Amino acid sequence: MSPMLRCLLMIVMIAYFGLIIHLLRREKFLLRYGILWLLSGIVMLIVVIFPDLLVTFTDILGIEIASNGLFAVSIFLVIMMLVFLTAVVTELTSRIKKMAQKTAIMEKRLRDLEDFKR
């Protein structure tokens, strides 16, 4: 990796971390989701700082071209993020369903009390 490319990628990574921290501070992200993005950024930063680590990793996996290994790592990170976010969406959907059911029960009780008073 050329020094110019490495410097450019370091600047991009600084901007990436700055954006994530900015979103966390403005509470656009919850901390647990921000941690996921920060961890993925750390993995990207490690690859930028130690590009030989990527070559070693791809050799261990039997991948001949390091760029293919980079794509494999990227795809793995994206899949892990999708699994995590799918679990979060599932949990929130379940909570919303339970809240809607509780609200319906409370509304029915309120209507029954109002009918009882008449």
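Computed from heavy atoms alone, side chains included, the values below leave out hydrogens, waters and symmetry copies. Computed from a prediction, not measured in an experiment: that's the story for all the values here.
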Apart from [X] itself, what residues make up its hydrophobic cluster when side-chain heavy atoms of I, L, V, M, F, W and Y under 4.5 Å apart count as a link, directly or indirectly?
X	value
Leu82	Val78
Met80	Phe76
Val83	Ile75, Ile79

Could I get the full list of side chain to side chain contact (heavy atoms under 4.5 Å, CB included) partners for [X], not counting sequence neighbours?
X	result
Ser2	Met4, Leu5
Leu113	none
Arg95	Glu91, Leu92

### Within residues 96-110 or reaching into it, pairs that qualify as salt bridge (Lys or Arg N to Asp or Glu O under 4.0 Å) - sequence neighbours excluded
Lys108-Asp112

Value rounded to 0.5 Å, distance of [atom1] in [X] from [atom2] in [Y]:
X	Y	atom1	atom2	result
Phe71	Ile63	CZ	CD1	12.0 Å
Met81	Leu77	CE	CG	7.0 Å
Thr90	Leu85	OG1	CG	10.5 Å

### Task
Could you name each residue pair satisfying side chain to side chain donor-acceptor pair (under 3.5 Å) that touches residues 60-78, not counting sequence neighbours?
none

### Message
Suppose the criterion is side chain to side chain donor-acceptor pair (under 3.5 Å): which pairs have a residue in residues 41-50, not counting sequence neighbours?
### Response
none

Indicate every side-chain donor-acceptor pair of residues 14-31 with a distance under 3.5 Å to a residue at least two apart or in another chain.
{"residue": "Tyr16", "atom": "OH", "partner": "Trp37", "partner atom": "O", "Å": "2.8"}
{"residue": "Tyr16", "atom": "OH", "partner": "Ser40", "partner atom": "OG", "Å": "3.1"}

Would you give me the side-chain donor-acceptor pairs under 3.5 Å for residues 41-57, sequence neighbours excluded?
{"residue": "Thr56", "atom": "OG1", "partner": "Asp52", "partner atom": "O", "Å": "3.0"}

#### Entry: Under the side chain to side chain donor-acceptor pair (under 3.5 Å) test, residues paired with Thr58 that sit two or more places apart
none

